[in-house]
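Data block below; observations after.
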Amino acid sequence: MLELNPDALSIADALDQERKNKGPRGPLHGISVLIKDNIDTADRMSTTAGSLALVGSTPERDSVVAQKLRAAGAVILGKTNLSEWANFRSTHSSSGWSGRGGQTKNPYVLDRNPSGSSSGSGAAVASNLCAAAVGTETDGSIVSPAAMNGVVGIKPTLGLIGGAGIVPIAHSQDTAGPMARTVTDAAILLGALAGGGLDYTRYLDPKGLKGVRLGVARKFFGYNRDVDKLMEECLTEMKRQGAEIIDPADLPSHGKYNDSEFDVLLYEFKAGLNDYLAKRKPNVKPRTLKDVIEFNESNRSKEMPFFGQEIMIQAEAKGPLTEKVYLDALAKNRQLSQAEGIDAVIQKYKLDAVVAPAGGPAWLTDLVIGDHDIGGSSTPAAVAGYPNIALPAGFARGLPIGISFFGPANSEPKLIKIAYAFEQATRARKVPRFLVTADLA
């Protein structure tokens, strides 16, 4: 946690009175929700993206996410810690660390990493600090911390949830999304965030795996033997529940656009952050990415005690979004992730969704070296702007392991149906024990 809403109790009292007088607005009326500290709220809380550079500054207006939550009657309880600037600062960062909040810990095993960048949201939900939380994702920042903190995370189709008022990385991939302990809770929160009367709870079918065709993205296996073993058990259970498993069903473009994705993120981060900061209150400094870089240098002991800002420096060196390098990379990403990626495999095998490990077991938090690669399958859906849902699949040596289901644009109803049926069949989630270190015996 970075900050509690000083008005939360009075808001809750008012909502209780409203419920008594008029009845509930819906399932979120009076429910406590935490939001990631890169989501604007025009109240007495700051929005800082975890950076000391923005401490004490308050946005002039609510983000679309905050507007939707308030309209649904939710109590915004506070702001969660995150990987600073949504983990787009350094190539050697530690996920869950910010200059403002320090290091977030994994509630299952405290010396393990919670992943990021929505680290605090995932850890808070797992720890029962709220009913649900909101995270944001550019690539993996909802589904990875969901998996490593033993909760459910939904990265929705790009544009389903309004993005105005969120500290950006890349407008071609950024989205907010729900994080909760159950698929039901995540579906309720997704409906509120999307608005327009959408009710995703209609798709909560315990027999939702029956007759479903699932393609196994095998190239995302092989990072960890415990994860692979657990995934095989999950596939067996899904067959038992009536799913048809097509194995393998790999994406034709697997691994072909990692460099171009990073190029797009660098370009869009500079343009997006400059635009976002320019719209903050006139007295707020910094106003540009260059200002942020200079602030970090001037406050090196507090902002960069463990890792630097290599990514920010690379982004600052980029030109405008009219440059051919950017436009070509963006076009390549869309072609490879959509038509030659998820759409291609879905159509070839007539699939309802693709299934893969969400990632490996949580690594030891390492402020000297930074994060350790443990696999993960977030990139295709992230780059395509397509939905991805991660949820608990089981445990490896006491550490939560997540499974991901992803599919084409606007396939949230189908993914929720599949995920709910899997959840009900496996009941894989267990409450965290806050162990100091893993019991490897």
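All heavy atoms count here, side chains included; hydrogens, waters and symmetry mates do not. What you are looking at is a predicted structure, and each value in this text was computed from that prediction instead of being measured. In what follows, residues are counted from 1 in the order of the sequence shown.
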Euclidean distance, Leu160 CG relative to Lys155 NZ, rounded to 0.5 Å: 10.5 Å
Side chains of Thr58 and Lys281: any donor to acceptor distance under 3.5 Å? yes
For the CG atom on Leu9, are there more than 12 heavy atoms of other groups (residues, nucleotides or ligands in this structure) within a distance under 6.0 Å? no
Would you check if the side chain of Ser83 reaches a backbone N or O of Gly96 as a donor-acceptor pair within less than 3.5 Å? yes
Kindly say whether Ala71 contributes a backbone atom to a donor-acceptor pair with the side chain of Arg25 at under 3.5 angstrom? yes
Are Lys219 and Asp250 ion-paired here, with the side-chain N under 4.0 Å from a carboxylate O? no
Between Ser411 and Lys414 (side chain of the first, backbone of the second, donor and acceptor by atom type, cut-off under 3.5 Å), is there such a pair? no
Can you check whether Ile31 reaches Leu189 side chain to side chain, under 4.5 Å on heavy atoms? no
Any chance the side chains of Ser115 and Asn113 put a donor and an acceptor closer than 3.5 Å? no
Pair Asp247-Arg218, salt bridge (Lys or Arg N to Asp or Glu O under 4.0 Å): steps then yes or no: CA-CA 7 Å; Asp247 186 6; Arg218 270 289 153 192; 2.9 Å; yes
Donor on one side chain, acceptor on other, Ser121 and Lys36, under 3.5 Å: no
Taking atom types as modelled, is there a side-chain donor on Asp343 or Tyr386 under 3.5 Å from an acceptor on the other? yes
Closest non-hydrogen atoms of Gly308 and Arg89, given as atom of the first, atom of the second and distance, are O-NE, 2.9 Å
Side-chain donor-acceptor pair under 3.5 Å between Ser141 and Ser117, yes or no? yes
Does a donor on one side chain and an acceptor on the other come within less than 3.5 Å for Ser119 and Thr104? no
Tell me if a side-chain donor or acceptor on Asp174 pairs with a main-chain N or O of Ile169 at a distance below 3.5 Å. yes
Distance from Thr91 atom OG1 to Glu310 atom CD, nearest 0.5 Å? 4.0 Å
Please tell me if the side chains of Trp363 and Asp373 come closer than 4.5 Å, counting only heavy atoms from C-beta onward. no
Can you check whether Leu204 reaches Ile416 side chain to side chain, under 4.5 Å on heavy atoms? yes
Check this for me, if you would: do Asp40 and Lys279 make a salt bridge, where the nitrogen-to-carboxylate-oxygen distance has to be below 4.0 angstrom? no
Less than 4.5 Å apart, any side-chain heavy atom of Gln103 and any of Ser94? yes
Would you find a donor on one side and an acceptor on the other, under 3.5 Å apart, between the side chain of Glu137 and the backbone of Val143? yes
Are a donor atom and an acceptor atom from the side chains of Asn274 and Thr288 found within less than 3.5 Å of each other? no
Considering all heavy atoms, the nearest Ser118-Ile142 contact: OG-CG1, 4.3 Å
Pair Glu268-Gln173, side-chain donor/acceptor within less than 3.5 Å: no
Out of Val216, Val345, Ile246, which residue meets the side-chain contact (heavy atoms from CB on, under 4.5 Å) rule with Val354? Val345
Classify the ring geometry of Tyr267 against Tyr326: parallel below 30°, tilted from 30° to 60°, perpendicular beyond 60°. tilted
Residue Arg61 excluded, over 12 heavy atoms near CZ under 6.0 Å: no
Please determine whether a side-chain nitrogen of the Lys or Arg among Lys318 and Glu323 lies less than 4.0 Å from a carboxylate oxygen of the Asp or Glu. no
OG on Ser377 to OH on Tyr223, rounded to 0.5 Å: 10.0 Å
State which residues pass side chain to side chain contact (heavy atoms under 4.5 Å, CB included) with Ser51; sequence neighbours excluded, sorted by chain then number. Ala53, Glu84, Trp85, Glu303
Any chance you could measure Lys417, atom NZ, to Tyr200, atom OH, to the nearest 0.5 Å? 15.5 Å
Any donor and acceptor pair, going by atom type alone, linking the side chain of Asp37 with main-chain N or O of Thr48 inside 3.5 Å? yes
Counting distance only, does the side-chain N/O of Asp185 pair as donor-acceptor with the main-chain N or O of Arg181 below 3.5 Å? no
Test salt bridge (Lys or Arg N to Asp or Glu O under 4.0 Å) on Lys332 and Asp263; report intermediate values, then the result. CA-CA 11 Å; Lys332 176 183 177 181; Asp263 250 352; over 6 Å; no
Does either side chain, that of Thr157 or that of Glu412, offer a donor lying less than 3.5 Å from an acceptor on the other one? yes
Check whether any side-chain N or O of Asp352 sits under 3.5 Å from a backbone N or O of Arg213 as a donor-acceptor pair, and report yes or no. yes
For the residue pair His254 and Phe220, is the inter-centroid distance of their aromatic rings smaller than 6.0 Å? yes
